[in-house]
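Each chain gets a letter, A, B and so on, in the order the sequences are listed, and its residues count up from 1.
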2 protein chains.
Amino acid sequence: MGLHPHSASCRAREILDRVGDKWSLMVIAMLGERTRRFTELKRDIDGISQRMLTVTLRGLERDGIVTRTVYPVMPPRVEYSLTPMGATLMEAANTFVAWAESHIDAIDAARAEYDSRAAELEALKKTS
Amino acid sequence: MGLHPHSASCRAREILDRVGDKWSLMVIAMLGERTRRFTELKRDIDGISQRMLTVTLRGLERDGIVTRTVYPVMPPRVEYSLTPMGATLMEAANTFVAWAESHIDAIDAARAEYDSRAAELEALKKTS
DNA sequence: CGGGATCCCGTAGGATACTG
DNA sequence: CAGTATCCTACGGGATCCCG
């Protein structure tokens with residue numbers, strides 16, 4: 001199985017759409033360490049808004065990746081954690097993150113070279 | 001290494017932003033099979049526009065994931081293929097795709113249960 | 001054939017205010 | 001504390017036309 005064109009895109013894309021958005025992986029990473037409360041996540045995930053944290057958590061909960069536990073007290077206390085499936089997703093994501101970390105330098109280099117080459121071509125156009 | 005919150009998101013997110021968009025993985029999958037020409041990709045990737053194919057290929061080329069080879073003939077002939085780094089990226093992506101394929105049923109089930117439960121709660125509100 | 005240049009729209013997602 | 005409800009904008013991405 002794997003990334004052959006017609007299975008890869010069709011269903012796997014849905015999953016990528018869920019987990020590949022701006023915040024999901026970050027939330028999963030935080031919950032991979034330990035169970036956390038809403039405000040705790042909001043504080044520790046730099047730049048996320050209440051709205052997006054809620055939306056992200058709801059989506060992950062709906063897909064069975066995180067659990068939401070409400071304690072009926074005042075003030076409210078809600079805890080989030082990874083499901084077993086969520087934990088396996090995190091491991092799968094780790095493979096990708098590892099790839100990214102070990103190739104980030106090569107990518108930066110490729111970008112720099114591409115950009116300088118593009119700038120060169122731009123300079124040539126003015127000469128002609 | 002891996003998906004711990006503060007290394008994972010910061011740089012790995014950039015990579016995810018490149019490869020997690022609507023078309024990149026699909027293009028990589030196609031080029032993973034073999035070298036292809038622009039029009040060939042456009043024909044085989046269902047629903048992609050010229051513009052997005054161009055934009056996607058440029059981005060992947062810039063990051064050193066695909067190579068672009070121009071043959072100076074009329075009519076023009078341009079071939080795209082994966083770089084060695086692109087090939088390793090495809091393998092890393094395969095891990096994720098494999099996860100998605102083996103959990104898609106569980107996710108569908110989780111969604112169905114979540115939705116029916118939500119509908120139930122909705123019904124209760126009308127009673128009260 | 002393989003694009004570049006424009007125009008245009010839907011939506012992801014930020015800011016802010018309110019609530020049980 | 002843990003959300004929900006609105007409003008609003010930036011931008012991803014489609015459609016279309018043109019060009020070497």
Side-chain angles (χ1 to χ4, degrees), chain A residues 9 13-27 30-31 35-63 66-81 114 118 121-122 124-125 128, chain B residues 9 13-27 30-31 35-63 66-81 114 118 121-122 124-125 128:
Chain A
S9 60
R13 266 239 56 87
E14 291 180 35
I15 314 297
L16 231 198
D17 286 340
R18 152 123 336 288
V19 108
D21 65 13
K22 197 171 176 184
W23 301 110
S24 289
L25 261 194
M26 190 64 192
V27 169
M30 299 288 303
L31 296 181
T35 295
R36 286 170 197 256
R37 300 179 59 177
F38 185 89
T39 309
E40 200 177 350
L41 288 169
K42 168 120 177 55
R43 174 171 22 86
D44 293 347
I45 301 179
D46 194 56
I48 198 170
S49 61
Q50 285 110 311
R51 182 180 178 280
M52 285 318 296
L53 181 54
T54 302
V55 169
T56 301
L57 286 168
R58 286 292 176 283
L60 294 173
E61 187 196 359
R62 183 170 110 102
D63 286 359
V66 313
T67 57
R68 177 173 182 267
T69 310
V70 183
Y71 298 91
V73 296
M74 268 303 280
R77 177 184 189 88
V78 180
E79 288 185 352
Y80 292 91
S81 54
Y114 182 94
L121 293 180
E122 198 59 27
L124 279 180
K125 282 174 62 181
S128 66
Chain B
S9 59
R13 267 238 55 85
E14 291 180 35
I15 315 297
L16 231 197
D17 286 340
R18 153 121 337 286
V19 108
D21 64 14
K22 197 173 177 183
W23 302 111
S24 290
L25 262 194
M26 190 63 191
V27 169
M30 299 289 302
L31 296 181
T35 295
R36 286 170 197 257
R37 300 178 59 177
F38 184 90
T39 309
E40 199 177 350
L41 287 169
K42 168 123 177 52
R43 174 171 21 85
D44 293 347
I45 300 179
D46 194 56
I48 197 170
S49 61
Q50 286 110 311
R51 182 179 179 282
M52 284 318 296
L53 181 53
T54 302
V55 169
T56 301
L57 286 168
R58 286 294 176 281
L60 294 173
E61 187 196 358
R62 183 169 110 101
D63 287 357
V66 313
T67 57
R68 176 172 183 266
T69 311
V70 183
Y71 298 92
V73 296
M74 269 302 281
R77 178 183 187 88
V78 180
E79 287 185 352
Y80 293 91
S81 55
Y114 183 94
L121 292 180
E122 198 59 30
L124 279 180
K125 283 173 62 179
S128 65

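- A/D44 and A/R36 are joined by a salt bridge, as a carboxylate oxygen and a charged side-chain nitrogen come within less than 4.0 angstrom of each other.
- Of the listed nucleotides (D/dG3, C/dG2, D/dG14), D/dG14 has the atom at the smallest distance from the side chain of B/W23.
- Separating the CZ atom of A/R13 from the C1' atom of D/dG12 is a distance of 13 Å, rounded to the nearest angstrom.
- Position along DNA chain C of the nearest nucleotide to A/S49 versus A/M74 favours A/S49 as the more 5'-ward residue.
- Looking at heavy-atom distances under 4.0 Å, B/Y80 makes contact with sugar-phosphate atoms alone, never a base.
- Using a 4.0 Å heavy-atom cutoff across all strands shown, B/P76 reaches at least one base atom of the nucleic acid.
- Distance B/F38 CZ to C/dG2 C1': 6 Å, rounded to the nearest Å.
- Rounding to whole angstrom units, CG of residue B/L57 and C1' of C/dG3 are separated by 11 Å.
- Residue A/R51 places its side chain closer to C/dG14 than to any other of D/dT4, C/dG2, C/dG14.
- As judged by a 4.0 angstrom heavy-atom cut-off over every strand, B/K22 is placed among residues touching the sugar-phosphate backbone only.
- Atom NZ of A/K42 is separated from atom C1' of C/dG13 by 13 Å (rounded to the nearest Å).
- In the set C/dG13, D/dT4, D/dA2, D/dA2 carries the atom at the smallest distance from any side-chain atom of A/R68.
- Atom P of nucleotide C/dC1 and atom CG of B/L41 are separated by 14 Å, given to the nearest angstrom.
- Using a 4.0 Å cut-off, some side-chain N or O of A/T39 falls inside it from OP1 or OP2 of D/dA2.
- Across the protein-nucleic acid pair, A/L121 atom CG and C/dG4 atom P stand 12 Å apart, rounded to whole Å.
- The CG-P distance, from A/D17 to C/dT11, rounds to 14 Å in whole Å.
- Here D/dG13 is the nucleotide among C/dG2, D/dC1, D/dG13 with the atom lying nearest to any side-chain atom of B/M52.
- Between the CG atom of A/D46 and the P atom of C/dG14 there is a distance of 12 Å, given to the nearest Å.
- Looking only at side-chain heavy atoms (C-beta outward), B/L57 and B/F38 come within less than 4.5 Å of each other.
- A/T56 and A/S24 are not linked by any side-chain donor-acceptor pair at a separation below 3.5 angstrom, with hydrogens and angles left out of the test.
- As judged by a 4.0 angstrom heavy-atom cut-off over every strand, A/R37 is placed among residues touching the sugar-phosphate backbone only.
- Under the 3.5 Å distance criterion, the side-chain polar atoms of B/E40 are matched with a main-chain donor or acceptor of B/R37.
- Among D/dT16, C/dA15, C/dG20, the nucleotide with an atom closest to any side-chain atom of B/Q50 is D/dT16.
- Note that CG of B/L41 and CD1 of B/I48 are 8.0 Å apart. Values are rounded to the nearest 0.5 Å.
- When distances run from any side-chain atom of A/D21 to the nucleotides D/dA2, C/dG4, C/dG13, the shortest one goes to C/dG13.
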